[in-house]
Number of protein chains: 2
Amino acid sequence: MAATLRDVAREAQVSTATVSRVINGHGNVTNATRARILGIVERLNYVPDSAARSLSTGLTNTIGVLLPDLHGEFFSEIIRGIDQAARRRGLHLLLSGVHGSAAEAALAIRALKGRVDGLLIMSPYADSEFLADHSAGDTPAVLINSPVRGHSHSSLCVDNRGGAGAMVEHLASVGHRRIAFVAGPKDNFDATERLAGYCEAVARLGPGVREFVVPGDFSEASGYRAAQRLMTLDERPDAVFAANDMTALGCLLAFKEAGVSVPGDVALAGFDDIPLARFVAPALTTVRVPMAELGARALDGVADAVGAPGATPSSTEIVATELVVRASSGARARMTA
Amino acid sequence: MAATLRDVAREAQVSTATVSRVINGHGNVTNATRARILGIVERLNYVPDSAARSLSTGLTNTIGVLLPDLHGEFFSEIIRGIDQAARRRGLHLLLSGVHGSAAEAALAIRALKGRVDGLLIMSPYADSEFLADHSAGDTPAVLINSPVRGHSHSSLCVDNRGGAGAMVEHLASVGHRRIAFVAGPKDNFDATERLAGYCEAVARLGPGVREFVVPGDFSEASGYRAAQRLMTLDERPDAVFAANDMTALGCLLAFKEAGVSVPGDVALAGFDDIPLARFVAPALTTVRVPMAELGARALDGVADAVGAPGATPSSTEIVATELVVRASSGARARMTA
DNA sequence: ATCGCTAGTGTAAGCGGTTGCATGAGGGGG
DNA sequence: CCCCCTCATGCAACCGCTTACACTAGCGAT
């Protein structure tokens, strides 16, 4: 139905090679010929078929993006960053929400073969070994927040540890001593790093501050449960640091329902700085993760690797976080008190 | 580098046709042969090249998704719904954040030629005419919330009108009479439909309730300004219905700053039920738009159209909304008073 | 006039699959 | 024992585009 290169060529009385040259802006075509061809392209409403082009050139101009889950603003922001960077470079994005299991992730990766020039992977299962097995190995990839620092692939990590440490120090600096931590999933890299940062900072701060960790799984519900549990304690914490903002919001909800004042009775802090954090009452003190930037940098990394294979083989970049102090940590209250 | 069909065929001493049959599960292959081939496939780590397959079959197993902007939870939710539905069907998603202009949107659409089997479009520029011009015309497409009811394409619309009407009735039922509406962008389809729903309901409710509309543009800032303006009025409204939640949040902020109590002095309602709505204080009464479901149904629509070309040519489905009553509309306050 | 260049164009061989048709080998019924 | 049918497999022609290479014509230099 749709017009093909040959149709254009026939119509213009030239060979397909010439049409191809015109389409791709390669030189060595008379202006007259070029104009004639362009006219016909226009008339026939010809659009090159990308599948054919990909097959022929081996390039797809597409980057595959694997994300663990499309839930929440966190990913929405990352995707936005990725999309912007991709647009800037004229690349397409093949999105894949993943993945109950490593097997599923592997499947997703193979399914991408021939569809993408590079991979952007954010998945708990994606370590280098995994990639070596399943990615053709030739496909450039950048990992976001993955446990393994690149053997053959470069990776981009958020400074979870540093951010968590900074938060603990902030909470301590405004007078809190019993700082509880609501952890994330045990098998999640970010979560364990944040926990580690918390533990290190607590240890650093010395005997006055004690380590206390409750389980959680990054979900709002788990935060809610954690907060309820914390409230039953004999020695209630005077600050709760949740492994991410959603968890913190769950805590907030539980505290509100229980009539516990934040930050009056207990300070609260999260991690991520999702847009929501600004809006809740009290506004949530948190650690900002530059999500859009993270996505954009990752995409740029993949794109560069696609463009210059072999170069910059396996860097590991750390993306800095930023402490964002708002009302929920009680900073102002303490200071004005 | 990577193994091809031919490599497998050579190794297995069969023709490519046979290997192809095995790969695609077509019948008429001896178990012995099949096993041998599968073994070699495994050993060579062969993965079929999708570009080649697409070229050959004309199918990509991919749906192109055009969204106006990847900002905020609204789209994040839609994408999630789309992704889930796509996964369920084994389809890939080619995502394209769009678009300053109709021209850009058009460009994006053509760039998708040969990459996708169908299109999922949510864009202010996407009316039927636009599609007819730019989509090859043969590509099935589903429009989300687009002004034009499908000539050649089917569309999926949120019941903005009904939802807005229900909200007005709710506000009236809890005793409010002077119900102001903060409108959205004049050229936005959702916005105008919501306005229409508001007007209809007001008219329906008779003389006691009067129509009063202030301009806005869906942004938080515009809500803030609108609320400020409403507060200067001689006859202040006792309820403010904002065209979307972000606008309502802007209003809330302005009211708070002005010391106007919500819902004590004025009731407030929004539209969308973004996750944030639950968290603000007072929690926002709003109209829930099932965003994930919207995305999922749209995807299903495209997929069906791809599967059965010609069938179900141009339906227009309406997705129902749901009134979500929370504290901000003062329902409980009135009822217990 | 002859030669060598260059610029413009055509020829055709892929890229890696899919698939209609042909082929050949068994197998059962008459 | 022959015929026909079925099943497993091979052959080869695409799908639409890119591109190395071949070719021709024109032109300046010798």
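Numbered from 1 within each chain, the chains take letters A, B, ... in sequence-line order.
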Where do N or O atoms of nucleotides 21-23 of chain C meet protein N or O atoms at under 3.5 Å, pair by pair?
none

Mind calculating the distance between [atom1] ([X]) and [atom2] ([N]) to the nearest angstrom?
X       : N      : atom1 : atom2 : result
B/Leu5  : C/dG14 : CG    : C1'   : 16 Å
A/His26 : C/dG10 : NE2   : P     : 16 Å
B/Asn28 : C/dG24 : CG    : P     : 18 Å
A/Ile37 : C/dG10 : CD1   : C1'   : 12 Å
B/Arg6  : C/dT18 : CZ    : C1'   : 11 Å

Minimum-distance pair of heavy atoms, taken over all atoms of B/Leu93 and A/Leu94: O-CD1, 2.9 Å

Contact class for [X] vs. all strands (heavy atom < 4.0 Å): base, sugar-phosphate, or nothing?
X       : value
B/Asp49 : sugar-phosphate
B/Ser54 : nothing
B/Ser50 : nothing

Taking [Y]'s backbone N and O only, do any of them form a donor-acceptor pair with [X]'s side chain (distance below 3.5 Å, no angle check)?
X        : Y        : answer
A/Thr30  : A/Ala32  : no
B/Asn160 : B/Glu193 : no
A/Asp49  : A/Thr4   : no
A/Asn61  : A/His92  : no
B/Thr316 : B/Ser155 : no
A/Asn24  : A/His26  : no
A/Asp217 : A/Pro185 : no
B/Arg115 : B/Thr62  : no
A/Ser54  : A/Ser50  : yes

Contact list for residues 22-44 of chain B, test salt bridge (Lys or Arg N to Asp or Glu O under 4.0 Å), sequence neighbours left out: B/Glu11-B/Arg43

Under 3.5 Å donor-acceptor pair, B/Thr4 side-chain atoms to C/dG16 base atoms: no

Measure from the side chain of [X], starting at C-beta and using heavy atoms only, and say which of [options] lies closest.
X       : options                : value
A/Ala17 : C/dG8, C/dT18, C/dA12  : C/dA12
A/Thr16 : C/dG8, C/dA12, C/dG16  : C/dA12
B/Ser20 : C/dT11, C/dG17, C/dT18 : C/dT18

Of B/Leu55 and B/Arg34, the one whose closest DNA chain D nucleotide lies more 5': B/Arg34

Closest-nucleotide 5' rank along DNA chain D - winner of B/Arg36 and A/Val19: B/Arg36

Option passing side-chain contact (heavy atoms from CB on, under 4.5 Å) with A/Arg297 (candidates A/Ile82, A/Ile144, A/Val142, A/Leu156): A/Leu156

Steps toward salt bridge (charged side-chain N to carboxylate O under 4.0 Å, His left out) verdict (B/Arg10, B/Asp7): CA-CA 5 Å; B/Arg10 186 179 338 109; B/Asp7 297 332; 3.0 Å; yes

By side-chain contact (heavy atoms from CB on, under 4.5 Å) - contacts of B/Pro48 (at least two apart): B/Ile23, B/Tyr46, B/Arg53

First-last contacting nucleotides on DNA chain D - partner chain B, under 4.0 angstrom, heavy atom: D/dA8 to D/dG16

Axis-to-axis angle between the two ends of the helix from C/dA1-D/dT30 to C/dG30-D/dC1 (five base pairs per end, rounded to 10 degrees): 50°

C/dG16 OP1/OP2 closer than 4.0 Å to side-chain N/O of B/Ser56: no

From A/Leu120 atom CG to A/Ser96 atom OG, the distance as rounded to the nearest 0.5 Å: 12.0 Å

Report all interatomic pairs (protein N or O, nucleotide N or O of nucleotides 4-6 of chain C) with separations under 3.5 Å.
none

